[in-house]
Amino acid sequence: MSSRSGSKQRNAPLAHNTVHAIVLIGFMGSGKTCVGLALSRALGWMFHDLDLHVEAQQRRTIADIFRDSGEPEFRRAEHEALSTLLKELSPDSPAVIALGGGAFVQPGVRKLLAQVEIPVIWLDAPADELWVRCAQQGADRPLAREQNQFRQLYEERRKHYTEAGIHIETTGKTIDQIAQEVVQRLRMNHVLKEK
């Protein structure tokens, strides 16, 4: 499938020479972590998985937070972790950040990202494909335990994902192809690290 821009441009990318951070969003299984790691290697930038920041700050796993404290507490911790991370960013330490699947759905998270004007890239694939990817990964995902619920959650979140500046379909593409497409869409080929 070909990639296309989202219908809204609230988080449109900055001019390529001013970009010092990229945020990847998308549903479970969309490849945010794998693509983020590939992008960070290609650009020579730091990579941050927001879920890992939450776990480090809370000293427990995402699954444990959901089980013991519920989703509202997880969302609070997620917002706090992102706010802290964004304050630490600088042009001297460029970074790729992968958000959890539900982070961009939260109004406070979208507001934080709009304030810092970081390009937001939505990685997407059909819900059925995402379900298969999650099953193959075998990770403990509190919100991915039943396929119909999974599909419904995807549809609910999708309307928020469309607010990303760039929308990239990942179906049938390798991780490196997707990472290269992100670089091309942001017109950042000159930033690529020499191998």
Would you give the length of the straight line joining atom CD1 of I178 to atom OG1 of T171, rounded to the nearest 0.5 angstrom?
8.5 Å
Roughly how far, to the nearest 0.5 Å, is CD1 of I62 from CZ of F74?
4.0 Å
State which residues pass ring-ring contact (aromatic ring centres under 6.0 Å, His included) with H79; sequence neighbours excluded, sorted by chain then number.
none
In short, S30 meets T170 closest at the heavy-atom pair O-CG2, 3.9 Å
E78 side, atom CD; L99 side, atom CG - distance, nearest 0.5 Å:
7.0 Å
Could you go through the salt bridge (Lys or Arg N to Asp or Glu O under 4.0 Å) check for R151 and D128 one step at a time?
CA-CA 7 Å; R151 187 180 292 110; D128 289 340; 2.6 Å; yes
How are the rings of W122 and Y161 set to each other: parallel, tilted or perpendicular (split at 30° and 60°)?
tilted
With side chain to side chain contact (heavy atoms under 4.5 Å, CB included) as the test, pick out the partner of E181 among I121, L123, I168.
I168
Assigning hydrophobic clusters by single linkage (Ile, Leu, Val, Met, Phe, Trp, Tyr; side-chain heavy-atom cutoff under 4.5 Å), is V116 placed with L50?
yes
Which heavy atom of A77 sits nearest a heavy atom of Q58, and at what distance?
CB-NE2, 3.6 Å
H160 meets the side-chain contact (heavy atoms from CB on, under 4.5 Å) criterion, sequence neighbours left out, with V105, R110, E163
Give me the ring orientation class for Y154 and F27: parallel if the planes are under 30° apart, tilted from 30 to 60°, perpendicular past 60°.
perpendicular
Name all residues meeting the salt bridge (charged side-chain N to carboxylate O under 4.0 Å, His left out) criterion together with E156; count only those two or more places apart in sequence or in a different chain, and write none if there are none.
none
What are the two closest heavy atoms between L89 and A21, and how far apart are they?
CD1-CB, 3.8 Å
With sequence neighbours left out, write down each residue that passes salt bridge (charged side-chain N to carboxylate O under 4.0 Å, His left out) with D176, or none if nothing qualifies.
none
Are S83 and L112 packed together at the side-chain level, in the sense that at least one heavy-atom pair is separated by less than 4.5 angstrom?
yes
Should R133 and L130 be marked as a side chain to side chain contact (heavy atoms under 4.5 Å, CB included) after you check the CA-CA gap, both sets of side-chain angles, and the distance that decides it?
CA-CA 5 Å; R133 291 180 191 176; L130 295 172; 4.0 Å; yes
Steps toward side chain to side chain donor-acceptor pair (under 3.5 Å) verdict (S69, R76):
CA-CA 11 Å; S69 305; R76 186 208 60 76; over 6 Å; no
Any V132 side-chain heavy atom under 4.5 Å of E129 side chain
no
Ignoring hydrogens, what is the shortest heavy-atom contact between R185 and H167? Give both atom names and the distance.
NH1-O, 3.5 Å
Assess the residue pair V182 and V96 against the criterion (side chain to side chain contact (heavy atoms under 4.5 Å, CB included)); give the C-alpha distance rounded to whole Å, side-chain angles, the decisive distance to 0.1 Å, and a yes or no.
CA-CA 11 Å; V182 171; V96 178; over 6 Å; no
H48 side, atom NE2; S40 side, atom OG - distance, nearest 0.5 Å
9.5 Å
Please evaluate residues L186 and I166 with respect to the criterion side chain to side chain contact (heavy atoms under 4.5 Å, CB included), reporting the C-alpha separation (whole Å), side-chain torsions for both, the decisive distance (0.1 Å), and the verdict.
CA-CA 9 Å; L186 290 173; I166 293 176; 3.8 Å; yes
If you round to the nearest 0.5 Å, how far is CD1 of I97 from CG of L113?
7.5 Å
Listed by chain and number, what are the salt bridge (charged side-chain N to carboxylate O under 4.0 Å, His left out) partners of R60, not counting sequence neighbours?
none
Using the side-chain contact (heavy atoms from CB on, under 4.5 Å) criterion, which residues pair with E88? Sequence neighbours excluded.
T84, L85
Can you tell me how far CG of D51 sits from OG1 of T33, rounded to the nearest 0.5 angstrom?
7.5 Å
What's the shortest heavy-atom distance between A81 and V54, and which atoms?
CB-CG2, 3.8 Å
Please step through side chain to side chain contact (heavy atoms under 4.5 Å, CB included) for the pair W45 and I22, ending with a clear verdict.
CA-CA 10 Å; W45 291 10; I22 298 169; 3.9 Å; yes
